[in-house]
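In what follows, a single structure is set out as structure tokens and then discussed.
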Amino acid sequence: MEDNDKVEPDYLKGFNEGYTMAQYQPELAEKLAHIETDFIRAVAFRDGYQQYHKEKTRERLPSWLKEDRFSKDTPSPDKDKTRDIEPEKD
């Protein structure tokens with residue numbers, strides 16, 4: 001595993017705390033997430049809190065908005081230069 005893939009234990013713990021508190025104690029989590037500080041655990045808490053809210057917002061979307069509309073798996077419409085073009089009249 002590369003060094004870029006490793007997450008600091010303090011960051012991971014703060015992220016998980018922010019995510020979990022956003023689920024079960026949303027009022028307290030909101031207050032804690034809005035504290036302005038540069039401590040890594042507080043930044044991670046804020047990130048976990050925001051991640052939880054992103055996922056909750058995505059759950060409320062209709063199914064046609066949830067899926068990736070621009071994925072490569074979906075077939076593109078036929079591209080035919082002659083489609084919808086009327087022949088020239090002589």
- Message: Please enumerate all residues that pass side-chain contact (heavy atoms from CB on, under 4.5 Å) together with Y11, with sequence neighbours excluded.
- Response: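 If we apply the side-chain contact (heavy atoms from CB on, under 4.5 Å) test to Y11, skipping adjacent residues, the hits are V7, E8, F15, I40, A44, D47.
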- How many angstroms lie between atom OH of Y49 and atom CG of L32, to the nearest 0.5 angstrom?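 Between atom OH of Y49 and atom CG of L32 there are 10.0 Å.
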- List for me each residue that meets ring pair (Phe, Tyr, Trp, His ring centres under 6.0 Å) alongside F45, sequence neighbours excluded, and say none if there are none.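 Partners of F45 by the ring pair (Phe, Tyr, Trp, His ring centres under 6.0 Å) criterion come out as none, since no residue qualifies.
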- What residues, two or more places apart in sequence or in another chain, satisfy side chain to side chain donor-acceptor pair (under 3.5 Å) together with K56?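 In terms of side chain to side chain donor-acceptor pair (under 3.5 Å), with neighbours along the sequence ignored, K56 is linked to E59.
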Contacts table for residues 18-27: side-chain donor-acceptor under 3.5 angstrom, sequence neighbours left out:
residue	atom	partner	partner atom	Å
Y19	OH	E55	OE1	2.4
T20	OG1	N16	O	2.8

- Item | salt bridge (charged side-chain N to carboxylate O under 4.0 Å, His left out) partners of residues 31-43, not counting sequence neighbours, each pair once |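 Residue pairs passing salt bridge (charged side-chain N to carboxylate O under 4.0 Å, His left out), neighbours aside: E17-R41.
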- Message: With clusters defined by side-chain heavy atoms of hydrophobic residues (ILVMFWY) lying less than 4.5 Å apart, directly or transitively, does I35 cluster with L28?
- Response: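 Linked within one cluster.
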